[in-house]
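All ligand and atom numbering here is 1-based and tracks the order in the structure.
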Amino acid sequence: MAGDQQQEEARRAAPLHVVVFPWLAFGHLIPFLELSKRLAARGHAVTFVSTPMNIARLPPVPEGLSGQVRMVALPLPAVDGLPEGAESTADVPQEKVELLKAAFDGLAAPFANFLAAACAGGREQAGFGRRPDWVVLDFAHHWLCPIAEQHQVPCAMFLIFTATATAYTGSRRQNVSHPRVTVEDFMPMPRWFPSPPSLAFRRHEAAWLAAATQLNASGVADTERLWRTEERCRLLVVRSCPEVEQPRVFPLLQELYSKPVLPAGLLLPEDGRCESDGDRAEGSGVVARSGALQWLDEQPPGSVLYVALGSEAPVTPASVHELAAGLELSGARFLWALRAPSAAAAGTPPLPDGFEARTRGRGAVCAGWVPQVRVLAHAAVGAFLTHCGWGSVAESLRFGHPLVMLPFITDQGLIARMMAERGVGVEVARRDDDGWFGRDDVAEAVRRVMVGEEGKTLARNAKRLRESVVGDDSGRQELYVDELVQCLQRHRFT
Ligand SMILES: *[C@@H]1O[C@H](CO)[C@@H](O)[C@H](O)[C@H]1NC(C)=O
Ligand SMILES: *[C@@H]1O[C@H](CO)[C@@H](O)[C@H](O)[C@H]1NC(C)=O
């Protein structure tokens, strides 16, 4: 008996082979890669599944871990209307993301072939020869669990959204008792949420959410994808931690989804040193990307507002114009990572005439890619104007920056309200019905964060939140990954 037990324990403690498969968006690919690196660093084998172009564009896995992470590229099937070579949401305008989902659904058969081959290995083997212990998948893979079940490989869903947004969505069961149909239905947090009333979506954000639940070209709406996948997963893993959200949200999620829900921690990249910082001259009048850091070197400590709205926020040329005028009005020093508003519109949007001349010396505009973590880590940066994507807010939290917040879609509005509730940021005021904002709204929010007593309080709160989330090093966050790994090991055969 004792021998059997020992054998059983050894079987459970054996290193895992985990297949991870993110949705085709860099906001998903990167956190899945960060999770993969952490599993690899703990001695587990990770097979990372994506498409060729996405794998080619991922940052390299550090040399010490590269033997533990294997990339598997499944070619993306062609779909009418989807531009050739488009493999991620960054490659298509918002209205074609649905076609990308249709193409993505075509990966079911290639994935089934891959998994069948991977399952030819035994459970006694190690590394990539080992039959996978888990598939860690994303919200969009409604066809994957049935394939994994055929091979008795359990699935875990890794959600890159906040726990609060996941609780807002709820499971299919909650939609029966609490259906959302109209835009108004989508505005408040549901009654099961231990809410401060300030946590709610604005009308224009709710309108976007209501539209996103409609059927589209792929035939399966996002919420339906999430539910169909979640229902067959053994556990949910959330890229967050109780310190940064209401602690009660994690137990609430277990109730709502009727299964274990584990925080993975924020999975922040090491410290930005691995981000490449090469030179690439961009158009005239803008600084090349390594120039961003050089420019920061010349600015006083804590004086610069870093401005970045992510790569996929639906920013119109008109809002770029108002943002520029607002930055100018505010009088603040700023470094603006300005990207083309969407893949459809080539080039960066036009700035107001004479903008760069008038802000020269105190403002810099960088076209193209900016090493965001290195910029946020720079001593000259004192605050962050952000679209409130969870990845950006988490990166910023780690350096304790107060936020000027300009959310657009998905869960960004909810994140902005969470951060306002924590006293670490101020939102740019927007018109409720259509979300319009003007230069004065931008200037006012920037001034509130960058100068005066309110600014000092926000900065203090942001430092305090940083303390409670990351502490003196990232060790605290790593404990969440340790617990996740233990859970994956314990439950792999049950
Ligand atoms: C939730 O339920 C309502 C009412 O049955 C339905 O109209 C709606 O489509 C459901 N929501 C989703 C996302 O399926
Ligand atoms: C889905 O289609 C509707 C109606 O055509 C559109 O308004 C909405 O923006 C689309 N949603 C997404 C997420 O593409």
Given the ring of F193, does R248 sit roughly above its face, with NZ or CZ under 6.0 Å from the centre of the six-membered ring and within 45° of the axis?
no
Give the residue and atom name of whichever protein heavy atom lies nearest to atom 7 (O) of ligand 1, and the separation in Å to one decimal.
V181 CG2, 3.9 Å
Side chain, backbone, both or neither: the part of W227 lying under 4.0 Å from ligand 1 by heavy atom
side chain
How about atom 2 (O) of ligand 1: does it have a protein heavy atom within less than 4.0 Å?
yes
Of L209, D222, N175, which has the heavy atom at the shortest distance from atom 10 (C) of ligand 1?
N175
Numbered atoms and elements of ligand 1 in range of P179, under 4.0 angstrom, heavy atoms:
2 (O), 3 (C), 4 (C)
Which word best sums up how the rings of F334 and W336 line up, parallel for under 30°, tilted for 30 to 60°, or perpendicular for over 60°?
perpendicular
Is there a salt bridge (Lys or Arg N to Asp or Glu O under 4.0 Å) between D222 and K101? Walk through the geometry before answering.
CA-CA 10 Å; D222 282 358; K101 291 203 181 102; 2.8 Å; yes
What orientation do F104 and W23 show, parallel under 30°, tilted 30 to 60°, or perpendicular over 60°?
perpendicular
Does R228 make a cation-pi contact with F139, if we ask for NZ or CZ under 6.0 Å from the ring centre and within 45° of the axis?
no
